[in-house]
Amino acid sequence: AYVDFTRTGGAFFADREGVVAELRVKLDDYERAAEMREAVARAVGRFDPSVSDYPEYYVQTWEERQHNLLRAVNNEKFLLAFVLFFIVVVACFAIFATLTMTVVEKTRDIGVLRALGATPGGICSIFMLNGTLVGLIGAALGYGLGLLVANNVNPIREFLRGRFGWDIFPSEIYLFDEIPTHINHPVAFWFAFCAAATALLFAVIPSVRAARLQPVRALRYE
C-alpha cells in the first residue's frame with residue numbers, strides 16, 4: 001500500500017483535518033493476517049511512533065474489530081449445538097419407545113420364533129438391526145438435507161423475505177449482504193455418526209428384553 005505522506009501531514013490515525021484517519025489492507029490470503037498486521041505496524045510506526053507503541057490498538061484484523069459480533073455468533077452456535085443435542089436425545093427416546101412397543105406387540109411372535117428354534121442372539125439381532133437402520137437412514141437423510149439447505153441458504157432467505165417479508169439474516173445487524181456459509185464435512189459427518197450410534201445404543205435395551213423372553217410365557221401372553 002503506497003500513501004503520499006506529503007498530503008497527509010505525515011501522521012496516521014489523528015483527529016486533525018487533512019491526515020489519514022484509517023488505512024485498510026486487503027489480503028489475498030487471510031491466514032497471513034497476523035503476520036501482515038505486524039508488518040503494517042512496523043511500517044507505519046516509522047511515521048507515527050504511537051502505532052509501534054500500541055500496535056494492538058492501531059492495527060487490527062477484521063476479526064479483532066468485529067470481536068463482539070463474532071462472539072455473539074459463537075454463542076448462537078453453542079446454543080444451536082445445545083438444542084441439536086436435545087433434538088437427538090428426543091429422537092433416540094422415540095426410537096426406544098417405538099422398539100419397546102414393538103417388542104410388546106410382537107411378544108407372541110417372538111414366542112413362536114423361540115419355540116421354532118430361534119436363538120436369543122437371533123431375536124436380539126432383529127431388533128438391533130431395526131434400530132440401526134432407523135438411525136442410519138435418519139442420519140443419512142439429515143446429513144443430505146443439511147447440505148442441501150446449507151448450499152442454498154441464500155436463495156431460501158430471499159424466498160422467505162420476498163414471500164413472507166421475514167429476513168432471517170438482517171444485514172443491518174450482521175453487516176453482511178448475504179449469509180456466509182462454510183461446510184466442515186468431517187464435523188458434519190461426525191455429528192451424523194454420533195446420532196446413528198446413539199440410536200443404536202437406545203435400541204439395546206428393547207432388543208435385550210426381547211431376547212430374554214421365555215417361549216412359554218411369550219406364547220401365553222394375552
Side-chain angles (χ1 to χ4, degrees), residues 70-114 116 118-164 166-170 174 176 178-214 218 221-222:
L70 295 177
R71 185 175 179 181
V73 172
N74 286 330
N75 289 336
E76 292 180 2
K77 290 171 60 178
F78 173 77
L79 292 176
L80 287 176
F82 191 69
V83 172
L84 177 62
F85 169 77
F86 279 100
I87 291 175
V88 172
V89 171
V90 170
C92 290
F93 270 108
I95 295 174
F96 174 79
T98 302
L99 290 179
T100 300
M101 291 301 300
T102 302
V103 171
V104 173
E105 293 176 358
K106 300 296 183 181
T107 299
R108 290 180 61 86
D109 297 333
I110 295 171
V112 172
L113 291 175
R114 289 296 307 276
L116 293 175
T119 63
I123 299 297
C124 181
S125 65
I126 293 175
F127 292 95
M128 288 291 293
L129 181 61
N130 191 355
T132 302
L133 288 177
V134 171
L136 290 177
I137 293 174
L141 289 177
Y143 187 83
L145 290 176
L147 292 181
L148 181 64
V149 172
N151 289 323
N152 297 277
V153 64
N154 286 294
I156 293 174
R157 173 200 177 192
E158 294 298 330
F159 172 78
L160 293 176
R161 183 167 57 181
R163 187 67 178 272
F164 304 102
W166 177 39
D167 192 355
I168 61 175
F169 198 83
Y174 294 98
F176 284 101
E178 61 181 17
I179 303 176
T181 58
H182 172 70
I183 302 175
N184 192 329
H185 289 280
V187 174
F189 178 80
W190 178 250
F191 270 102
F193 174 79
C194 290
T198 306
L200 175 62
L201 181 64
F202 274 71
V204 170
I205 296 177
S207 301
V208 172
R209 180 183 177 185
R212 296 180 62 181
L213 286 176
Q214 296 298 324
Y221 183 72
E222 294 183 350

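Computed over heavy atoms, backbone and side chain alike; hydrogens, waters and symmetry mates excluded. Values in this document were obtained by computation on a predicted structure and should not be read as measured data.
The CG atom of Leu200 sits 9.5 Å away from atom CD1 of Ile95, with the distance rounded to the nearest 0.5 Å. The line from CD1 of Ile156 to CG of Leu148 is 7.0 Å long, rounded to the nearest 0.5 Å. Summarising the geometry, atom CG belonging to Leu99 is positioned 12.0 Å from atom CZ belonging to Phe202; distances are rounded to the nearest 0.5 Å. Atoms CG and OG1, on Leu147 and Thr181 in that order, are 11.0 Å from each other to the nearest 0.5 Å. With rounding to the nearest 0.5 angstrom, the CE atom of Met128 is 8.5 Å from the CG atom of Leu201. Here the straight-line distance linking atom CZ of Arg212 with atom CD1 of Ile123 works out to 15.0 Å at 0.5 Å rounding.
Nearest heavy atoms, Ala211 versus Pro120: CB-O, 3.2 Å. Taking both residues in full, the closest heavy atoms of Gly135 and Ala196 are given as O-CB, 3.9 Å, listed atom of the first, atom of the second, then distance. The two atoms that bring Ile168 and Leu160 nearest to each other are CG2-CD1, 4.0 Å, heavy atoms only.
Residue Leu129 qualifies as enclosed at atom CG: its count of foreign heavy atoms under 6.0 Å is above 12. Crowding of Arg157 atom CZ: a count of heavy atoms from other residues, nucleotides or ligands under 6.0 Å exceeding 12.
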Exercise for the section: List the steps and the verdict of side chain to side chain contact (heavy atoms under 4.5 Å, CB included) for Glu105 and Val103. Expected result: CA-CA 6 Å; Glu105 293 176 358; Val103 171; over 6 Å; no

Practice task
Show your working on side chain to side chain contact (heavy atoms under 4.5 Å, CB included) between Phe191 and Leu84 and close with a plain yes or no.
Solution key: CA-CA 10 Å; Phe191 270 102; Leu84 177 62; 4.0 Å; yes

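When side chains are defined from C-beta on, Glu76 does not count as touching Asn74, because their heavy atoms never get closer than 4.5 Å. Proximity of Thr100 to Arg209: side-chain heavy atoms (C-beta onward) are separated by under 4.5 Å at one or more points. Contact of the Met101 side chain with the Pro206 side chain is not registered, since no non-hydrogen atoms from C-beta on lie closer than 4.5 Å. The shortest side-chain heavy-atom distance between Thr98 and Val134 does not fall under the 4.5 Å cut-off.
For Arg161, the salt bridge (charged side-chain N to carboxylate O under 4.0 Å, His left out) partners at least two apart in sequence or on another chain are Glu158, Asp167.
Note on ring orientation: taking the six-membered ring where Trp is involved, the planes of Phe189 and Phe193 are parallel (angle under 30°, cut-offs 30° and 60°). Taking the six-membered ring where tryptophan is involved, the planes of Phe82 and Phe86 are perpendicular, since the angle between them exceeds 60° and thus also 30°.
Applying the ring-ring contact (aromatic ring centres under 6.0 Å, His included) test to every pair with at least one member in residues 130-164, sequence neighbours left out, gives no pairs at all. The side chain to side chain donor-acceptor pair (under 3.5 Å) pairs that include a residue from residues 125-137 number zero, where partners must be two or more places apart or lie in different chains.
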